[in-house]
Amino acid sequence: MRRSTIPIGLLSLAIMLCACRKNPPSPPAPKSTAYGSAIVESSGGKQIAAAGTTLPQPVVVQVNDDAGTAVAGALVVFRGPAGVSFDPPSGITDSSGQFSANVSLGGQAGRYQITASTMTKSQKTAELRVDEIALGYQQILGRRLNDQYCSRCHDPESTPERVSNYDNLEVKPHRFTEGDTLNKISDEDLLAIISHGGPALNRSPLMPPYGYTLSKSDIQALISYIRIVSDPPYQAFGEVYAQK
Ligand code: HEC
């Protein structure tokens, strides 16, 4: 019976591996030992990631008492619309009053509103809402084109890979997140200024024409990206997946 020797070897290996695994499948639900009166964002809001992926940074929240002092030992629970998951979904604030979770966005492009809540002493719920943005295929292309062609002028911040040209410009362009300005420009006008340059909208020629460099679908991808990152949100990309 030669054939059985290998499976038995594999079986004992499998048993050894199983024995090494930590036993409890899910830890007991965390219990709060303290209560705050408010929950605030420390970091991690307004991040941008591809739909269906995990945000680059964790979302960190802090529980405070009436005096604004951090509260350790308070229970925080994260919730989100369908498709969003949290690791871990709930837990207890640490000695600095903070709790953090890694957040994976749903598979659909859009703006996701997530909620972090904590129970107050008087058994009320204190809530914090944080928006995160999931890019679809077209917007991911738009983001790539933005990195390649636009951000050196439209993003005032320099990175190690790219020195911003913003400070050298006599007329200042806007960040594409500046919804107060960008939301007022129609899709047609965005198409015109990106294709034909600033003068197409009676603006400065410092905004170059891209109609020769980029295809119309590239420019549409850029517009789609500009719309989804805008803050306040562009109507068509409102809190679409937030309500549930
Ligand atoms: C060389 C610098 C430069 C580059 C590169 C550049 N822009 Fe601009 N852009 C400008 C300037 C300057 C303005 C402001 C013009 C004005 O207000 O008169 C502007 C204006 C705009 C506007 C109108 C809204 C605003 O910011 O005032 C849009 C939309 C725009 N650019 C899109 C793009 C896109 C998309 C790209 C990349 C494909 C791009 N720009 C690349 C300099 C640039």
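Please read all numbers here as calculations on a predicted model, not as lab measurements. Start at 1 and go down the list; that is how both ligands and their atoms are numbered. Note: hydrogens, waters and symmetry copies are ignored here, and every other heavy atom, side chains too, is used.
When all heavy atoms are compared, the tightest approach of Y35 to M119 is CD2-O, 3.2 Å. Residues R111 and I228 approach most closely at NH2-O, 3.2 Å, considering heavy atoms. Nearest heavy-atom pair, G44 versus V59, reported as atom, atom and distance to 0.1 Å: O-CG2, 3.6 Å. Closest of all the heavy-atom pairs between Y112 and A82 is CE2-O, 4.2 Å.
Looking only at heavy atoms of the protein, atom 5 (C) of ligand 1 is closest to Y210 OH, 3.0 Å. The protein heavy atom nearest to atom 29 (C) of ligand 1 is L190 CD2, 3.4 Å. In terms of protein heavy-atom proximity, atom 26 (O) of ligand 1 is closest to H174 N, 2.8 Å. For atom 24 (C) of ligand 1, the closest non-hydrogen atom of the protein is I185 CD1, 3.9 Å. In terms of protein heavy atoms, atom 18 (O) of ligand 1 is closest to S204 N, 2.7 Å. The shortest contact between atom 19 (C) of ligand 1 and any protein heavy atom is with M207 CB, 3.5 Å. Closest protein heavy atom to atom 14 (C) of ligand 1: P173 CA, 4.0 Å. Nearest protein heavy-atom neighbour of atom 3 (C) of ligand 1: C153 SG, 2.7 Å.
The aromatic rings of F86 and F78 lie parallel to each other, their planes meeting at an angle below 30°, with 60° marking the opposite boundary.
With ligand atoms numbered from 1 in the order given, ligand 1 contributes 3 (C), 4 (C), 6 (C), 7 (N), 43 (C) to contacts under 4.0 Å with heavy atoms of P208. In the vicinity of V171, heavy-atom distances shorter than 4.0 Å reach the ligand 1 atoms 12 (C), 16 (C), 17 (O), 18 (O). Within ligand 1, counting atoms from 1 as listed, the ones closer than 4.0 Å to a heavy atom of F176 are 32 (C), 33 (C), 34 (C), 35 (C).
Contact annotation: C150 places no N, O or S atom under 2.8 Å from atom 8 (Fe) of ligand 1.
Under 4.0 angstrom from ligand 1, the non-hydrogen atoms of L206 come from both its backbone and its side chain. Counting heavy atoms under 4.0 Å from ligand 1, residue H154 touches it through the side chain alone. With a 4.0 Å cut-off on non-hydrogen atoms, I193 touches ligand 1 through its side chain and not its backbone.
Around the CZ atom of R162, the shell of radius 6.0 Å holds more than 12 heavy atoms that belong to other residues, nucleotides or ligands. No more than 12 heavy-atom neighbours from other residues, nucleotides or ligands sit within 6.0 angstrom of NZ on K124.
A donor-acceptor contact shorter than 3.5 Å is absent between the side chain of S117 and the backbone of T125. Counting only distance, with no hydrogens or angles, the side chain of S32 and the backbone of G73 share no donor-acceptor pair below 3.5 Å. Under the 3.5 Å distance criterion, the side-chain polar atoms of D66 are left unmatched by any main-chain donor or acceptor of S37.
Proximity of G198 to ligand 1 is not established, as no heavy-atom distance is less than 4.0 Å.
Between D187 and R227 a salt bridge is recorded (basic side-chain N to carboxylate O distance below 4.0 Å).
Among the atoms of R203, some N or O lies under 3.5 angstrom from an N or O of ligand 1.
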